[in-house]
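Take a look at the structure set out below.
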There are 2 protein chains.
Amino acid sequence: MSGLDENVLVCPVETTLSVVGGKWKAIILWRLVSGTKRFNELQRSISQITRKMLTEQLRELERDNLIIRTVYQQVPPKVEYTLSDYGRTFLPVMQAMAQWGFVHRERNG
Amino acid sequence: MSGLDENVLVCPVETTLSVVGGKWKAIILWRLVSGTKRFNELQRSISQITRKMLTEQLRELERDNLIIRTVYQQVPPKVEYTLSDYGRTFLPVMQAMAQWGFVHRERNG
DNA sequence: GAATCAAGTTTCCAATTGGGTACTACGTTA
DNA sequence: TAACGTAGTACCCAATTGGAAACTTGATTC
């Protein structure tokens, strides 16, 4: 607990997973790459996610400054989610993942 | 269930997560990038993982052909885990993750 | 005056994940 | 003959995750 090198020893892959790990975050961010989305639009495009999960994940992504949440004061409510500049730094990871997933699906069923 | 386009519609990021998602798999694979490792060696290098979890994750990675498990018939037992050629195709994703994690740690605490 | 809409929140319950501990195999070393 | 070491398994229990459904808000439409 007293060394200078604690941070140096942390695995960078673990660091990444601590921010965008879990079942949903990378998928949500990938949806936002193609542009700003509203809440229901996101939910419809991620078929298995519940409102609760989507809300939770969006809150955490916002807290970590990866996305920006914009509330329009109108009824019915309108809330938009946008990748932040910082969120966009995650683009290379998402592209690598998308590329691998695409090829993997070709290879396997 | 009868369309031609089911697979086309699957999100490639989701495909990737279905294979290497979860809390441990990417970390384990990243350890193997630097070379073949034995079971206990892996466990020691991933401080929070239990034997049970490590066993489970290694079995699944082996089932999906990302790693190769080699058992030496000797006592005490010796089992080695190695990235397969196919597992190595995941390298770009891991590198992108490691790079992002490294920069993210600089930026944040 | 009832229904509708978007974007949630709340509550409760089920399933999955994960941890602790003990146990195993068996040849070698003390 | 007792202990050691590696690579696990087996079993049980606790914690966390995740899902379903009902409820909320307030202006607008039927």
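Chain letters run A, B, ... following the sequence lines, proteins first, then strands; residues in each count from 1.
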Whole angstrom value for the distance that separates [atom2] of [N] from [atom1] of [X]:
X: B:I27; N: C:dG18; atom1: CD1; atom2: P; value: 11 Å
X: B:E80; N: D:dT6; atom1: CD; atom2: P; value: 14 Å
X: A:E41; N: C:dG8; atom1: CD; atom2: C1'; value: 17 Å
X: B:Q43; N: D:dG5; atom1: CD; atom2: C1'; value: 14 Å

### Task
Determine, for A:R31 against B:E14, whether the closest basic-nitrogen to carboxylate-oxygen distance falls under 4.0 angstrom.
yes
### Message
When you measure from the side-chain N and O atoms of B:Y81 to the phosphate of D:dG8, is any distance below 4.0 Å, counting only OP1 and OP2?
### Response
yes
### Message
Using five pairs at each end of the helix from C:dG1-D:dC30 to C:dA30-D:dT1 to define an axis, what is the angle between those two axes, to 10°?
### Response
20°
### Message
Apply side chain to side chain contact (heavy atoms under 4.5 Å, CB included) to residues A:L17 and B:M97 and explain how you reach the verdict.
### Response
CA-CA 8 Å; A:L17 289 178; B:M97 289 179 75; 3.5 Å; yes
### Message
With the threshold set at under 4.0 Å for non-hydrogen atoms, list the residues of residues 49-69 of chain B touching DNA chain C in residue-number order.
### Response
B:T50, B:R51, B:K52, B:M53
### Summary
Within residues 30-39 of chain A, the residues having a heavy atom closer than 4.0 Å to DNA chain C are A:R38, A:F39
Taking atom [atom1] of [X] and atom [atom2] of [Y], what is their separation to the nearest 0.5 Å?
X: B:T55; Y: B:L42; atom1: OG1; atom2: CG; result: 10.5 Å
X: A:R59; Y: A:L54; atom1: CZ; atom2: CG; result: 9.5 Å
X: A:W24; Y: A:E60; atom1: CH2; atom2: CD; result: 14.0 Å

### Task
Identify which one of A:V33, A:V19, A:V20 satisfies the side-chain contact (heavy atoms from CB on, under 4.5 Å) criterion when paired with A:F90.
A:V20
Quick one: does [X]'s side chain have a donor or acceptor within less than 3.5 Å of a partner on [Y]'s backbone?
X: B:T16; Y: B:P12; result: yes
X: B:T36; Y: B:L32; result: no
X: B:K37; Y: B:G35; result: yes

### Task
Please tell me if the side chains of A:R69 and A:L58 come closer than 4.5 Å, counting only heavy atoms from C-beta onward.
no
### Query
With a 4.5 Å heavy-atom cut-off, do A:L91 and A:M94 have their side chains touching?
yes
### Query
For residues 72-79 of chain B, which residues have at least one heavy atom under 4.0 Å from DNA chain D?
B:V75, B:P76, B:P77, B:K78, B:V79
### Pair listing, ring pair (Phe, Tyr, Trp, His ring centres under 6.0 Å) test, anchored in residues 25-74 of chain A, at least two apart
none
### Message
My understanding is that only residues two or more places apart in sequence, or in another chain, count here; which of them pass side chain to side chain donor-acceptor pair (under 3.5 Å) with B:T50?
### Response
none
